[in-house]
Asker: 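After the structure tokens below, expect a handful of questions from me.
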Amino acid sequence: MPKAYEPQAVEAKWYRFWEEGGYFKPRPNPARKPFVISMPPPNVTGALHLGHGITSTIEDIMIRYHRMQGDETLWVPGEDHAGIATQTVVERLLATEGTDRHQIGREAFLERVWQWVDQYKSRIQNQHRRLGASCDWSHERFTLDEGLSKAVREVFVRLYEEGLIYRGERIINWCPVCMSALSDLEVNHVNTPGKLTYVRYPLKPVDGQVAGEGDYITVATTRPETILGDTAIAVNPKDHRYVNIIGRLAIVPVIGREIPIVADEAVEADFGTGAVKVTPAHDPTDFEIGQRHNLPRIQVIGFDAKMTAEAGPYAGQDRHEARKNLVADLEKTGLIVKIEDYVVPLGRCQRSDTVIEPLISKQWFISMKPLATPALNAVKYGQIKIVPERFNKTYFDWLENIHDWCISRQLWWGHRIPVWYCDSCGEMTVSREDITICPHCEGTQLRQDEDVLDTWFSSWLWPFSTLGWPDHTPDLQRYYPTAVMETGYDIIFFWVARMVMSGIHFMGNAPFSTIYLHGLVRDAKGEKMSKSKGNVIDPLEVMDKFGTDALRFTLATSSTPGNDMKLIDERIVGNRNFANKIWNASRFVLMTTADIPGGVPAIESVQPQTLADRWILQRFERLTKTVTRLIEEFQFGEAGRQINDFFWSDYCDWYVEASKVQMRGDKQTRQNTAGILRAVLDQSLRLLHPFMPFVTEEVWQYLYHFSQPDRASWPASALIIAPWPQYHAAFEDETAEQQFSLLQQVITLIRDARNQMNVERSHRNPVIMAVGEDVSMFEAQAPLIEFLATTEKPQLFSTLAQKPEQAMSLLAGAVEIYLPLAGLLDIGKELARLDKEIVQVQQEQARLQGKLSNQNFVSRARPEVVEKEREKLAAHEERLSKLQARRNELAAMQP
RNA sequence: GGGCGAUUAGCUCAGUUGGUUAGAGCGCUACGUUGACAUCGUAGAGGUCACAGAUUCGAGUUCUGUAUCGCCCA
């Protein structure tokens with residue numbers, strides 16, 4: 001075995017071993033409920049980033065854990081066709097070739113996209129392999145697969161037939177760069193510094209009256225260019241300032257259109273002047289006001305974001321140009337009252353970052369209310385549990401205020417809407433199968449709807465479409481509903497909530513019982529990683545540099561569920577070092593026990609002899625219990641940290657060191673020690689395997705081969721399917737825990753004293769100890785003290801009538817330790833040290849006395865808590881008296 | 001405007017039914033290459049747990065408010 005662990009040398013080998021060995025496939029176990037996860041399908045647009053890294057790591061931890069628990073485990077991988085994103089990258093590619101999709105046509109364009117997809121799909125698959133994802137590749141799906149496309153059509157047709165899908169002319173979010181409609185969720189609202197412009201609209205004189213000076217109404221707007229499309233001015237009916245002019249006509253500046261002044265509840269009286277201009281064709285609120293008051297809709301901004309012919313003198317200008325020009329013109333005519341700085345919540349396209357234009361357009365929608373209510377109830381009444389629970393609120397708020405979902409996109413890449421229009425009879429047909437003959441008039445002049453469906457329209461079916469729905473496949477029977485949906489909290493609306501809706505609606509029950517939401521990975525400065533900022537960390541680079549296990553362990557342990565994490569190099573380095581520690585501890589075990597037969601015994605069969613043996617087994621059993629509980633509670637970070645602590649501190653720093661003494665013992669002791677070293681290592685590797693699959697499998701295989709003659713008794717041929725450690729209460733040993741802890745204190749104190757006194761490293765100093773009733777215990781542990789604290793054989797006494805002179809004195813609990821250090825001891829310094837310790841003990845003693853003299857505490861706190869405090873106080877008192885006695889002796893010695 | 005989160009050692013973070021003297025890694029200081037590991041070991045220093053109240057025998061932990069930072073929704 002090499003001296004240091006080299007991840008690059010072994011990772012690929014083990015992944016191949018697992019994959020080719022079929023370990024990722026579900027192993028049928030009818031006795032237990034299958035454990036199933038649908039992997040959130042990454043966009044086929046590009047490479048995986050650290051967000052996918054954390055998703056894949058956490059899901060793999062769960063999958064590997066359940067696989068080792070013996071559950072029938074299925075992890076379904078796949079990719080998402082990512083409509084707009086993919087279309088955009090391929091269009092960009094075409095642009096570099098000097099062409100575009102319209103020139104080459106729909107068919108050729110789609111061919112190019114498929115080429116792209118094939119390339120990136122395999123790239124994503126390989127990245128998941130590098131991450132160690134133990135997903136079942138034979139179940140891999142793509143949202144544009146034949147099967148999934150069938151599911152999409154089925155869903156579209158069913159919802160249409162149920163009246164939940166409709167086509168309508170609504171105001172939608174239009175991205176002039178993507179040239180497509182977007183759903184509300186695909187629009188980011190960004191607070192942007194802007195202007196609030198106050199514009200005067202002249203009022204038309206009432207019949208018989210002459211227009212008076214000041215006969216104006218002033219409105220405030222953040223979008224002056226839409227003035228051209230105004231068809232009313234609205235005020236709140238309760239606003240007394242305007243009661244008298246409701247029903248009169250105002251005149252739109254520049255174009256002179258006469259528009260009514262209407263009263264509408266939607267108007268906020270304290271915004272601007274309390275009067276607002278109404279542009280039904282360019283604002284969602286105005287659209288609704290327009291519907292209530294039957295206002296005309298005048299579109300002045302086109303789908304290309306340029307002013308339309310309706311914009312009169314501004315026709316053809318870009319919307320931003322037109323704004324500037326119009327404001328300048330209004331200034332000239334004196335219709336601008338004032339212009340204030342104002343923060344505008346600008347809607348921007350999630351993909352292109354373009355400012356969204358609300359426009360009226362004919363699109364396909366889903367009525368969400370009927371779907372949302374059952375999804376809401378599923379969480380409210382506990383069929384689904386969200387972890388962490390605080391995201392319930394976010395989930396509820398969104399579902400309670402849900403709007404209809406605009407599902408049509410003016411793209412070519414995606415599931416084409418299964419609707420045909422007949423040129424002969426004008427009828428529309430919605431169909432599961434492609435049609436060539438109109439069922440209404442038998443005409444053949446049919447045109448399929450040009451548009452495709454929102455990508456989320458296919459991914460919201462993911463948990464069941466990947467299992468074969470709408471067919472009643474065995475997979476669907478066996479594996480639906482899945483167990484856990486694990487993903488980032490940023491797509492709770494986009495994806496998670498919608499999956500719950502579709503699952504309940506089409507399958508009759510929720511698609512998973514737990515939703516686990518993880519936080520976002522940020523850079524070292526805490527900023528969100530993005531391509532435009534150039535701060536994206538490539539997981540492949542991290543893995544090349546530090547190994548996959550180091551990256552995985554870092555992602556798993558650097559945060560608390562649902563919280564964001566900063567990825568910092570030092571942490572990854574630390575975890576690479578941990579992998580190396582595992583490697584070297586294993587190397588030690590294999591090397592020092594090489595000549596001892598017996599292989600790796602089952603942990604329940606080992607026979608602890610020494611205190612250290614009993615202690616490490618007790619520690620391990622406690623760890624197993626805790627880690628298992630933590631994983632079941634989705635506290636993966638804490639679970640990982642606990643294993644790390646145990647392995648490094650308890651196993652390596654103490655047990656392995658203690659074993660070096662034991663391995664010098666008789667044959668029986670050596671045999672036993674070797675067995676415990678191996679068994680605890682084997683079991684620790686099992687606990688760690690879900691977190692760090694590669695180094696653990698590598699080391700475990702050494703153990704396995706090393707046990708060649710005993711292989712028959714081994715439970716598994718690979719760690720990936722080795723049974724998860726069971727808790728053995730028989731190894732619980734509170735006495736060992738306490739005694740070993742005392743021993744650790746003694747050793748640490750002596751080491752510290754030697755350090756302080758600058759005792760030469762290899763020099764063995766004498767030790768005299770007064771240990772009360774623990775003489776036999778310390779007698780047995782004397783070799784450990786000699787070895788670990790570098791001392792001579794300790795001289796043990798129950799009590800010491802005559803305290804050693806010229807000795808440094810230490811206290812471990814009630815155990816007195818004297819280090820005769822002739823000539824080295826500076827009595828003055830020693831007195832100062834003792835004084836400092838005395839003060840500390842006195843303070844603590846005072847605190848405890850105060851607590852125990854408080855009647856409220858004694859009578860109200862739980863008896864065991866009070867008892868504990870009493871014991872503590874007694875211990876402190878004993879300690880104090882010993883310290884003071886020692887101080888007096890020393891003081892007497894001082895010249 | 002509504003909601004959520006964070007604030008603990010120089011840095012990055014744990015601390016999940018309220019109960020030892022609040023922990024880890026990195027960094028820092030001292031010592032060390034003894035046959036697993038210098039990607040290491042041994043030991044040490046370092047914190048009024050953002051602030052102000054409240055509840056409680058007891059609060060980093062529960063409640064209220066404030067401040068700063070971040071995110072989501074409208």
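Quick caveat: nothing in here was measured; it's all calculated off a predicted structure. Chain A is the first sequence line, chain B the second, and so forth, proteins listed ahead of strands; every chain is numbered from 1.
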Asker: Considering just the side-chain nitrogens and oxygens of A:R571, establish if one lies under 4.0 Å of OP1 or OP2 belonging to B:rG25.
Answerer: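 So the side-chain polar atoms of A:R571 never come under 4.0 Å of the phosphate oxygens OP1 or OP2 of B:rG25.
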
Asker: A:Q350 has an atom CD; how far is it from atom P of B:rC73, in whole Å?
Answerer: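 So the two atoms are 9 Å apart, to the nearest Å.
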
Asker: Using OP1 and OP2 only, check whether a side-chain N or O of A:T560 sits under 4.0 Å from B:rG15.
Answerer: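 It does, given that an N or O in the side chain of A:T560 lies less than 4.0 Å from OP1 or OP2 of B:rG15.
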
Asker: Please state whether the phosphate of B:rG3, meaning OP1 or OP2, lies under 4.0 angstrom from any side-chain nitrogen or oxygen of A:K393.
Answerer: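 Checking A:K393 against B:rG3: no side-chain N or O falls below 4.0 Å of OP1 or OP2.
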
Asker: If I pick the P atom on B:rG10 and the same atom on B:rG46, what distance separates them, to the nearest angstrom?
Answerer: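 The same atom, P, in both gives a distance of 11 Å.
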
Asker: Roughly how many Å apart are B:rC72 and B:rG27, using the C1' atom of each and rounding to a whole number?
Answerer: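 Nearest-Å result for B:rG27 against B:rC72 at atom C1': 36 Å.
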
Asker: For A:R576, answer base if it contacts any base atom (sugar-phosphate contacts may also be present), sugar-phosphate if it contacts only those atoms, and nothing otherwise; contact means non-hydrogen atoms under 4.0 Å.
Answerer: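 Base contact.
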
Asker: Answer yes or no on whether A:R498 is positioned over the face of A:W405, meaning its NZ or CZ is under 6.0 Å from the six-membered ring centre and within 45° of the axis.
Answerer: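 Yes, a cation-pi geometry holds between A:R498 and A:W405.
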
Asker: Would you call A:E760 and A:R754 a salt bridge, taking side-chain N to carboxylate O under 4.0 Å as the test?
Answerer: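 Salt bridge between A:E760 and A:R754, a charged N being under 4.0 Å from a carboxylate O: no.
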
Asker: Pick the closest RNA chain B nucleotide for A:S559 and for A:V187 by heavy atoms, then say which residue is nearer the 5' end.
Answerer: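 The residue mapped nearer the 5' terminus is A:S559.
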
Asker: Grab the NZ-P distance between A:K566 and B:rC26 for me, whole Å please.
Answerer: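 Spelled out: NZ on A:K566 to P on B:rC26 is 19 Å.
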
Asker: For A:E760 and B:rU42, give me the distance from atom CD to atom C1', rounded to whole Å.
Answerer: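 A:E760 atom CD is separated from B:rU42 atom C1' by 16 Å.
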
Asker: Please list residues of residues 628-639 of chain A whose heavy atoms come under 4.0 Å from any atom in RNA chain B, ordered by number; otherwise none.
Answerer: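 A:Q635, A:E638, in order of number.
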
Asker: For A:M663, does its backbone N or O pair with a side-chain atom of A:R670 as donor and acceptor, under 3.5 Å?
Answerer: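 Looks like yes, one N/O pair under 3.5 Å.
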
Asker: For A:E633, I'd like to know if atom CD has over 12 heavy atoms of other residues, nucleotides or ligands within 6.0 Å.
Answerer: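 More than 12 heavy atoms, drawn from other residues, nucleotides or ligands, come within 6.0 Å of this atom.
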
Asker: Specify the separation, in whole Å, of atom NE2 of A:H189 and atom P of B:rC71.
Answerer: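 Rounded to whole Å, this separation is 16 Å.
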
Asker: Between A:E864 and A:K868, does any side-chain N to carboxylate O distance fall below 4.0 Å?
Answerer: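 Salt bridge absent between A:E864 and A:K868.
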
Asker: Dot-bracket for RNA chain B, 5' to 3', counting Watson-Crick or G-U wobble pairs under 3.5 Å, with [ ] for crossing pairs and | for inter-strand pairs?
Answerer: (((((((..((((.....[...)))).(((((.......))))).....(((((..]....)))))))))))).

Asker: In whole angstrom, what separates A:L567's CG from B:rG25's P?
Answerer: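 Atom CG in A:L567 sits about 19 Å away from atom P in B:rG25.
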
Asker: Does the plane of the ring in A:Y702 sit parallel, tilted or perpendicular to the ring in A:W583? Use 30° and 60° as the thresholds.
Answerer: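 Plane angle over 60°, so perpendicular.
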
Asker: What verdict does the ring pair (Phe, Tyr, Trp, His ring centres under 6.0 Å) test give for A:F391 and A:Y395, after you've listed the backbone C-alpha separation in whole Å, the side-chain angles of each residue and the deciding distance to 0.1 Å?
Answerer: CA-CA 6 Å; A:F391 289 109; A:Y395 179 89; over 10 Å; no

Asker: Over all strands shown, is A:S558 touching base, sugar-phosphate only, or nothing at heavy-atom distances under 4.0 angstrom?
Answerer: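 Counting heavy atoms under 4.0 Å across all strands, the contact made by A:S558 is with sugar-phosphate only.
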
Asker: Nearest of B:rC26, B:rG41, B:rG19 to any side-chain atom of A:K851?
Answerer: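 Among the listed nucleotides, the one closest to the side chain of A:K851 is B:rG19.
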
Asker: Any side-chain N or O of A:T748 below 4.0 angstrom from OP1/OP2 of B:rA43?
Answerer: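 For B:rA43, OP1 or OP2 has a side-chain N or O of A:T748 closer than 4.0 Å.
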
Asker: C1' atom, B:rU8 versus B:rC49: distance in rounded Å?
Answerer: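 Between the two C1' atoms, the distance is 4 Å.
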
Asker: Please determine whether a side-chain nitrogen of the Lys or Arg among A:R879 and A:E837 lies less than 4.0 Å from a carboxylate oxygen of the Asp or Glu.
Answerer: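 The answer is yes: the pair qualifies as a salt bridge.
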
Asker: Would you say the side chain of A:K581 and the base of B:rC37 hold a donor-acceptor pair, judged only by whether the two atoms sit under 3.5 Å apart?
Answerer: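 Per atom types, the contact qualifies.
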
Asker: Contact class for A:F493 vs. all strands (heavy atom < 4.0 Å): base, sugar-phosphate, or nothing?
Answerer: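 Sugar-phosphate, no base atom in range.
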
Asker: Suppose we call a contact any N or O donor and acceptor under 3.5 Å apart; does that hold for the side chain of A:R761 and the base of B:rU34?
Answerer: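 Yes, a donor-acceptor pair under 3.5 Å.
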
Asker: Suppose you measure atom P in B:rA24 against the same atom in B:rG5; what distance do you get, rounded to whole Å?
Answerer: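 Taking atom P in both B:rA24 and B:rG5, they lie 29 Å apart.
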
Asker: Can you find a donor-acceptor N/O pair under 3.5 angstrom joining the side chain of A:K660 to the base of B:rA36?
Answerer: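 Counting by modelled atom types and ignoring angles, a donor-acceptor contact under 3.5 Å is found here.
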
Asker: When the distance from CD1 of A:I572 to P of B:rU12 is rounded to whole Å, what number comes out?
Answerer: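 Whole-Å distance recorded here is 16 Å.
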
Asker: Quantified in whole Å, what is the C1' atom distance between nucleotide B:rU68 and nucleotide B:rC51?
Answerer: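 Pairwise C1' distance, B:rU68 against B:rC51, rounds to 11 Å.
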
Asker: OP1 or OP2 of B:rC40 sitting under 4.0 Å from any side-chain N/O of A:N577?
Answerer: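 A:N577 to B:rC40 OP1/OP2: side-chain N or O found under 4.0 Å.
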
Asker: What's the CZ-P distance between A:F646 and B:rA24, to the nearest Å?
Answerer: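 Atom CZ in A:F646 sits about 18 Å away from atom P in B:rA24.
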
Asker: Heavy atoms from C-beta onward define the side chain here; which of B:rG3, B:rA36, B:rA14 lies closest to that of A:D397?
Answerer: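 Within the option list, the nearest is B:rG3.
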
Asker: Please measure how far the C1' atom in B:rA45 lies from the corresponding atom in B:rU29, and state the result in whole Å.
Answerer: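 The same atom, C1', in both gives a distance of 7 Å.
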
Asker: Distance check needed: B:rG41 P versus A:E657 CD, whole Å only.
Answerer: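 Nearest whole value for this atom pair: 10 Å.
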
Asker: Starting the side chain at C-beta, find the nucleotide from B:rC71, B:rU20, B:rC4 nearest to A:R390.
Answerer: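 Side chain of A:R390 sits closest to B:rC4.
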
Asker: For nucleotides B:rU42 and B:rA52, find the distance between their C1' atoms and express it as a whole number of Å.
Answerer: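 It comes out at 45 Å once rounded to the nearest Å.
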
Asker: For B:rA50 versus B:rA74, give the span between their P atoms, rounded off to a whole number of Å.
Answerer: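 Per the computed distance, 33 Å lies between those P atoms.
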
Asker: Is the shortest side-chain N/O distance from A:K868 to OP1 or OP2 of B:rG19 below 4.0 Å?
Answerer: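 For B:rG19, neither OP1 nor OP2 has a side-chain N or O of A:K868 closer than 4.0 Å.
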
Asker: Is there a side-chain contact between A:W648 and the phosphate of B:rG41, meaning an N or O under 4.0 Å from OP1 or OP2?
Answerer: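 A:W648 to B:rG41 OP1/OP2: side-chain N or O found under 4.0 Å.
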
Asker: Between A:C652 and A:N188, which residue's closest nucleotide on RNA chain B lies nearer the 5′ terminus?
Answerer: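 The residue closer to the strand's 5' end, by nearest nucleotide, is A:C652.
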
Asker: Please check if the side chain of A:R170 supplies one atom and the backbone of A:P284 the other of a donor-acceptor pair under 3.5 Å.
Answerer: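 Between the backbone of A:P284 and the side chain of A:R170 there is no qualifying donor-acceptor contact (under 3.5 Å).
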
Asker: Would you classify A:V858 as touching base, sugar-phosphate or nothing, given that sugar-phosphate means primed atoms plus P, OP1 and OP2, and contacts are heavy atoms under 4.0 Å?
Answerer: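 Touches nothing.
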
Asker: Can you see whether A:N563 engages A:Y489 through a side-chain donor-acceptor pair at a distance of less than 3.5 angstrom?
Answerer: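 Their side chains do not contain a donor-acceptor pair, so the 3.5 Å distance test is not met.
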
Asker: Just checking, any donor-acceptor pair under 3.5 angstrom between side chains of A:Q642 and A:T626?
Answerer: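 The criterion, which ignores hydrogens and geometry beyond distance, is not satisfied for A:T626 and A:Q642.
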
Asker: Would you call A:E541 and A:K545 a salt bridge, taking side-chain N to carboxylate O under 4.0 Å as the test?
Answerer: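 Salt bridge: no.
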
Asker: Can a donor-acceptor pair be found, under 3.5 Å and without considering hydrogens, that links the side chain of A:E11 to the backbone of A:Q8?
Answerer: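 Checking the backbone N and O of A:Q8 against the side chain of A:E11, no donor-acceptor pair under 3.5 Å is found.
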
